[in-house]
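Structure first, then comments.
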Amino acid sequence: MRPAPRGGRRGTDSRRGPAGRYTQIATAIDRSNPESQDPTLDAREGLTRLQSLVMHTTGTAYQLHDAASGTLRPGRRADLIVLDRDITKIPVKDIRGSRVRYTLISGRVVHDAGSQTGRARAEAAQRMGALGAGRAPGDSCCRGH
């Protein structure tokens, strides 16, 4: 078993690579770009699923200086998402198509994709496009960091 990357952290709002929040999680594992015909980068450098998930959750909370989130345990805020699939068990290529079913902030459901409001928000987001207003591919939401 490989050791977890020290200090590894990565936010899923980065616009590097193909669109899709979960593409980064999958690419860290399989080192491929589903939108390119280029050969896979050295697969030996890929992370395990656990390493990629830790980097995108706990590592990102650390990067954002948020000691109360990033893991689920007593004394921490329960900020989490529930996906439409178990990304720890499906083929890596299928991680990229994951969709958020629920979002919880401090243990309270703030988004339910199955609700009328949730569906309306998802449709509005699709109409706006994946990049959002004024952001070009490669732009960071955290300028200066």
Side-chain angles (χ1 to χ4, degrees), residues 1-2 4-5 7-41 43-142 145:
M1 179 177 203
R2 260 178 286 198
R9 43 204 170 266
R10 175 84 179 193
T12 54
D13 64 345
S14 169
R15 298 305 310 155
R16 304 270 185 239
R21 291 181 182 103
Y22 307 101
T23 294
Q24 294 172 7
I25 293 171
T27 299
I29 299 165
D30 70 10
R31 309 280 290 143
S32 70
N33 179 347
E35 294 183 357
S36 172
Q37 297 303 317
D38 293 336
T40 299
L41 297 173
R44 296 172 299 172
E45 294 178 355
L47 303 176
T48 67
R49 285 176 198 249
L50 179 61
Q51 289 170 326
S52 183
L53 289 171
V54 167
M55 180 173 73
H56 285 86
T57 56
T58 306
T60 301
Y62 175 82
Q63 179 182 17
L64 296 172
H65 310 286
D66 189 352
S69 68
T71 60
L72 288 176
R73 61 182 184 204
R76 300 279 181 118
R77 268 194 334 264
D79 294 351
L80 62 115
I81 59 171
V82 177
L83 300 177
D84 63 347
R85 60 196 78 189
D86 183 349
I87 64 174
T88 66
K89 294 189 167 82
I90 61 174
V92 173
K93 66 179 180 54
D94 293 342
I95 292 172
R96 292 175 172 90
S98 298
R99 299 287 177 256
V100 174
R101 296 282 303 137
Y102 301 98
T103 302
L104 287 82
I105 304 293
S106 296
R108 188 173 64 86
V109 175
V110 297
H111 170 72
D112 175 352
S115 71
Q116 184 175 359
T117 302
R119 288 190 301 273
R121 287 179 181 162
E123 290 168 7
Q126 283 184 329
R127 284 192 302 273
M128 288 179 3
L131 294 176
R135 282 189 35 206
D139 269 0
S140 170
C141 67
C142 305
H145 290 203

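Please read all numbers here as calculations on a predicted model, not as lab measurements. Quick note: numbers below take in every heavy atom, side chains included, and nothing from hydrogens, waters or symmetry partners.
- Closest approach of R77 and S106 over heavy atoms only: CD-OG, 3.3 Å.
- The CD1 atom of I25 sits 7.5 Å away from atom OG of S98, with the distance rounded to the nearest 0.5 Å.
- In this structure, R49 contributes its side chain and I87 its backbone to a donor-acceptor pair below 3.5 Å.
- Not a single donor-acceptor pair under 3.5 Å links the side chain of D112 to the backbone N or O of Y102.
- Closest of all the heavy-atom pairs between V82 and L80 is CG2-CD1, 4.0 Å.
- In this structure, H111 and G118 approach most closely via the heavy-atom pair CE1-CA, 3.8 Å.
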Practice task
Show your working on side-chain contact (heavy atoms from CB on, under 4.5 Å) between D30 and I95 and close with a plain yes or no.
Solution key: CA-CA 11 Å; D30 70 10; I95 292 172; over 6 Å; no

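- Minimum heavy-atom separation, A28 to H56: CB-CE1, 4.5 Å.
- Between T71 and R76, the shortest heavy-atom contact is OG1-NH1, 3.3 Å.
- One distance of note links CG of L53 with CG of L47; it measures 10.0 Å at 0.5 Å rounding.
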Handout entry: Test log, rule side-chain contact (heavy atoms from CB on, under 4.5 Å), inputs I29 and T48
Key = CA-CA 6 Å; I29 299 165; T48 67; over 6 Å; no

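- Evaluation of the side-chain hydrogen bond (donor to acceptor under 3.5 Å, both in side chains) rule for R99 yields no partner, not counting sequence neighbours.
- Counting heavy atoms from C-beta on, the side chains of V100 and L83 come closer than 4.5 Å.
- Under the 3.5 Å distance criterion, the side-chain polar atoms of T58 are matched with a main-chain donor or acceptor of G70.
- Side-chain atoms of T27 come within 3.5 Å of backbone N or O of S32 as a donor-acceptor pair.
- Using a distance-only test at 3.5 Å, with no hydrogens or angles considered, a donor-acceptor pair links the side chain of R119 to the main chain of G114.
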